[in-house]
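In each ligand, atom 1 is the first atom listed, and ligand 1 is the first ligand listed.
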Amino acid sequence: MRIERHPILDIPENREKVTIYVNGEPIEAVKGEVVAAALLAAGYKTFRKTPKYHRPRGIFCAIGRCTDCALTINGVPNVRSCVTPVEDGMQIMIQDGLGTWE
Ligand code: FES
């Protein structure tokens with residue numbers, strides 16, 4: 001689910017696509033968008049689980065302040081996906097707890 005037309009913003013029709021991998025599954029993303037936008041467009045709502053009670057967390061502030069959108073990206077835990085642009089071939093893991101370095 002993406003915004004394809006907007007009354008004010010100009011959204012180009014032929015945006016360049018890249019492939020990223022979420023828990024090993026490939027999903028299509030648009031070059032230049034943030035990881036959180038790509039995951040939301042693919043239907044993901046849970047981005048991490050809390051360390052103590054494993055409660056789901058997802059997008060909350062969307063400006064890089066709350067860390068609810070933290071994921072493990074390319075082996076680095078606790079990366080805020082709402083302010084991280086996608087890169088082709090990016091490996092993303094939904095994070096359970098504090099995450100670990102690979
Ligand atoms: S949603 Fe708050 S830091 Fe990303």
Side-chain angles (χ1 to χ4, degrees):
M1 179 173 57
R2 294 180 185 278
I3 296 172
E4 300 293 343
R5 293 189 301 159
H6 193 277
I8 299 170
L9 300 175
D10 182 30
I11 301 174
E13 288 185 20
N14 296 324
R15 294 176 287 176
E16 187 176 339
K17 304 285 194 299
V18 296
T19 301
I20 62 175
Y21 298 86
V22 181
N23 293 344
E25 295 294 321
I27 66 169
E28 190 177 78
V30 176
K31 188 174 183 180
E33 72 181 354
V34 294
V35 171
L39 266 63
L40 286 173
Y44 288 89
K45 292 183 178 162
T46 298
F47 287 31
R48 72 175 182 96
K49 292 185 179 175
T50 59
K52 191 169 184 180
Y53 296 111
H54 306 282
R55 293 180 176 148
R57 294 290 183 264
I59 295 295
F60 183 68
C61 73
I63 57 171
R65 295 292 183 204
C66 72
T67 70
D68 271 358
C69 67
L71 297 162
T72 299
I73 298 179
N74 292 336
V76 179
N78 303 312
V79 177
R80 292 168 297 163
S81 61
C82 68
V83 292
T84 304
V86 295
E87 295 171 8
D88 195 29
M90 194 175 244
Q91 299 288 332
I92 297 163
M93 298 297 291
I94 303 297
Q95 190 171 307
D96 191 4
L98 299 175
T100 55
W101 289 85
E102 289 180 7

Within C66, is some N, O or S atom less than 2.8 Å away from atom 2 (Fe) of ligand 1? yes
Quick check on atom 2 (Fe) of ligand 1: does C61 put an N/O/S atom closer than 2.8 Å to it? yes
At a non-hydrogen distance cut-off of under 4.0 Å, which region of I63 contacts ligand 1 (side chain, backbone, both, or neither)? neither
Regarding R15 and E4, does a basic nitrogen lie under 4.0 Å from an acidic carboxylate oxygen?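 Answer for the salt bridge query: yes.
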Non-hydrogen atoms of Y44 and L40 that approach each other most closely: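 Heavy atoms of Y44 and L40 come nearest at O-CD2, 3.4 Å.
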Output the list of atoms in ligand 1 that are nearer than 4.0 Å to some heavy atom of [X], sorted by atom number.
X: F60; result: 1 (S)
X: R65; result: 3 (S)
X: C82; result: 1 (S), 3 (S), 4 (Fe)
X: T67; result: 2 (Fe), 3 (S)
X: G64; result: 3 (S)
X: C69; result: 1 (S), 3 (S), 4 (Fe)

Looking at atom 1 (S) of ligand 1, what's its closest protein heavy atom, distance included?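 Result for atom 1 (S) of ligand 1: A62 N, 3.2 Å.
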Kindly indicate whether the side chain of V35, heavy atoms from C-beta on, has any atom under 4.5 Å from the side chain of I73. yes
Taking C-beta and beyond as the side chain, do V30 and V86 meet within less than 4.5 Å on heavy atoms?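 Not in contact.
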Show the numbers, then the answer: is there a salt bridge (charged side-chain N to carboxylate O under 4.0 Å, His left out) between E33 and R2? CA-CA 11 Å; E33 72 181 354; R2 294 180 185 278; 2.6 Å; yes
Donor-acceptor under 3.5 Å (D68 side chain, I59 main chain):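 No; zero donor-acceptor contacts below 3.5 Å.
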Sub-3.5 Å donor-acceptor pair from the side chain of R48 to the main-chain atoms of T67, do we have one?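 Looks like yes, one N/O pair under 3.5 Å.
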